[in-house]
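Please read the structure below before turning to the comments.
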Amino acid sequence: MKALLEVRNATRSFAGLVAVDSVSFTLAPGEILGLIGPNGAGKTTLISLISGTQAPSAGEILFQGESINHMPAFRRARLGIGRTFQIMRPFPGLSVLDNVAVGALFGRGGGQPKLAVAREHARECLEFVGLGKIIEKRADELGGPDRKRLELAKALAMQPQVLLCDEVMAGLNHAEIDEVIDVIRKVRDRGISILVTEHVIKAIKSLSDRLLVLHHGEKIAEGTPDAVLADPVVIEAYLGKKRA
Amino acid sequence: MKTWKIGLVLAALAVLAGVPWYGSDVLVQFGINALLLAVLAQGWNIIGGYTGYASFGNSVFYGLGGYGVAIAMVQWQLPFAVGMGFGVVLAVVFAVLLGIPVLRLKGHYFAIATLALSQVMTAIVSNVGIAGQNIGLVLPPLNNDPLFYELSLGLLTIATLTIWGMTRSRFGFGLIAIRENEEGAAVMGVNTTLYKVMAFALSGIFSALAGGIHAYWVTFLDPASAFDISLNVKMIIMAVFGGPGTVLGPIVGALTLSTISEFLSSEVTSIAGLFFGLVIVVAVVLMPRGLADMLRRMRKMGWGYFIENIRAHRL
């Protein structure tokens, strides 16, 4: 299958610390790729390189076969790359509905210019993630789990082709994780490719088609979830040498 | 908006528009000043209130608008309307040329950089021959205060309608998204640089028009009064007092504070400034998010609203 998103030798260093070290991978249309690794492995940085909030020090990022290296973040969003933030970034003073409406007003292809239509679309996205009942609340009144859902709804309202989910499950309990997994699967059923980062292995194992493991910024493994999680190199990275 | 609200606004507009017919000359003159300040507060509201960039450079736009009118009328003998257009062009050029670098700065850094702009402009204009250097320009007098009053009211109405339209448009949502979280806005597809510069320019257009009316009204313009930084402080105080990022807040703030200030300076002449300062301090402590926020939340919380704000200040 032709890759929708391709990352070639992406590298990002911060004053000597190499956060992402020559990482390459591809994401196929409709695929769910799990990106795992211990804290500080470079998962969020890699997502920022793809979404354009940080520029790579070296390497190349291609979307539908074209380099998007020099494209500012808003253009990538209009191409169809949506992301959520691990540290949630709602627009605190806006209502939940209007937070999501921003995604519909802008987003892929430049978005929907009519506010009423955008709000209608936003309402659907909020129903989809299970926030349909609290659309009038202000975003900063939401608790943690609902904020995670709001992040998802905002990104979905952009009608992305690729969705980058940065730790959408962190801090949730088992029931909530199951709900989010369910939502992500439904998103994929709409034909959207998904890159999802997580450091809780169990949650991501059942969800992903493939797994990619980062450790100290380097890719140490890639493949099907079962094969990757049985890989001694991966076990060592997570649990230390003795247990391996 | 609810019907009674629209009715209330229209009634207020009618009362204001009628002032030259039933008010005294002094009231009309006070009105011109107050309305122009309200326009400036609305102009600041676009960049400061909605976009979240606290500009101290809006008095530059005001000065450029004044000089646009003065240069066109005095040096080129052109009509007032052409001068207003020239002032707007100057303001937009300034907003684009300086907005692009300066709007990359955030928070205090943006405020300080724009603060420097008005100082620099004073120095530059003092050395420009066509602008009358530091002596200034004397405009042809037009003794028609009711006209200036209605012009100012008309400008304020247009500015307010523009902002009202903005709040229900994609552009307005983009600006608010930038204010609330700039990086979050960018990854959702908002062209933040373009939107910020457009907001700066729009804010500049209204400030320049106010400056143009004022210059023709007082028939005199020099660099010190055109680029007066205290005017910029005033418009910020008025917008913030009324409610930044709301459609009507800055107008209410400007008219209320103008009235209080006028009343104090006629009643307690020598220490009026002190009282005015006190009003500001009390307002900041008791209602830091402006009158609009107070009216909205007082209904729910009652007097507890003020107590909560005092607590938030850790007083």
Side-chain angles (χ1 to χ4, degrees), chain A residues 47-48 50-54 71-85 87-95 97-119 122 138-140 150-151 153-160 164 166, chain B residues 1 45 48-54 100 103-104 106 163-199 240 243-247 249 288-290 292-294 296-297 299-301 308 312:
Chain A
I47 283 196
S48 293
I50 300 169
S51 70
T53 53
Q54 283 177 33
M71 220 178 247
F74 81 91
R75 284 202 189 287
R76 298 187 195 197
R78 289 179 185 185
L79 271 184
I81 300 178
R83 81 170 278 187
T84 73
F85 285 95
I87 302 158
M88 284 84 81
R89 307 201 170 186
F91 306 123
L94 289 181
S95 71
L97 180 66
D98 283 348
N99 259 274
V100 181
V102 171
L105 285 168
F106 296 91
R108 178 144 74 102
Q112 161 60 243
K114 286 230 166 14
L115 182 58
V117 185
R119 280 193 172 137
R138 271 171 57 118
D140 54 5
L150 177 61
E151 277 288 315
K154 285 171 67 179
L156 283 177
M158 296 164 57
Q159 302 192 293
L164 312 168
D166 198 2
Chain B
M1 220 190 303
N45 193 24
Y50 281 98
T51 321
Y53 277 73
I100 289 172
L103 285 165
R104 298 174 76 96
K106 298 214 168 82
I163 290 178
W164 180 74
M166 206 179 78
T167 56
R168 42 194 54 223
S169 73
R170 171 152 69 175
F171 178 60
F173 267 72
L175 297 187
I176 295 172
I178 290 171
R179 176 189 72 199
E180 298 288 320
N181 183 335
E182 198 164 337
E183 194 184 17
V187 299
M188 292 179 90
V190 181
N191 186 345
T192 52
T193 308
L194 178 71
Y195 271 41
K196 285 189 288 181
V197 171
M198 276 167 65
V240 171
T246 62
V247 177
R289 274 170 237 91
D293 183 68
M294 185 192 90
R296 201 179 311 131
R297 312 239 326 252
R299 247 179 272 160
K300 227 191 295 176
M301 303 174 59
E308 187 185 89

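Lettering follows sequence order; numbering is per chain, from 1.
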Q. Which region of P160(A), side chain (C-beta onward) or backbone (N, CA, C, O), has a non-hydrogen atom less than 4.5 Å from a non-hydrogen atom of chain B, or is it both or neither?
A. neither

Q | chain B contact via L79(A) - which portion, at a heavy-atom distance below 4.5 Å | A | neither

Q) Between N181(B), T193(B), T192(B), which residue shows the highest count of heavy-atom pairs closer than 4.5 Å to chain A? A) N181(B)

**Q.** Closest-packed option against chain A by number of heavy-atom pairs under 4.5 Å, given A185(B), G189(B), S169(B)
**A.** G189(B)

Q: List for me each residue that meets side-chain hydrogen bond (donor to acceptor under 3.5 Å, both in side chains) alongside E180(B), sequence neighbours excluded, and say none if there are none.
A: none

Q. With respect to chain B, which residue among S51(A), P92(A), G103(A) yields the maximal number of heavy-atom pairs within a distance under 4.5 Å?
A. P92(A)

**Q.** Distance, nearest 0.5 Å, that separates NZ of K114(A) from CZ of R168(B)
**A.** 14.0 Å

**Q.** Inter-residue atom distance L105(A).CG - R170(B).CZ, 0.5 Å rounding
**A.** 7.0 Å

Q) D98(A) versus F173(B): any side-chain heavy-atom pair under 4.5 Å? A) yes

Q) So do the side chains of F91(A) and R179(B) get within less than 4.5 Å of each other, counting heavy atoms only? A) no

Q | Over all atoms of both residues, closest heavy-atom pair of R78(A) and N191(B) | A | NH2-N, 3.9 Å

Q | Closest contact, heavy atoms only, A77(A) versus A186(B) | A | CB-O, 4.2 Å

**Q.** F74(A) vs M188(B), side chain to side chain contact (heavy atoms under 4.5 Å, CB included): CA-CA, chis, key distance, verdict
**A.** CA-CA 6 Å; F74(A) 81 91; M188(B) 292 179 90; over 6 Å; no

Q) Does F106(A) have its ring centroid less than 6.0 Å away from the ring centroid of Y195(B)? A) yes

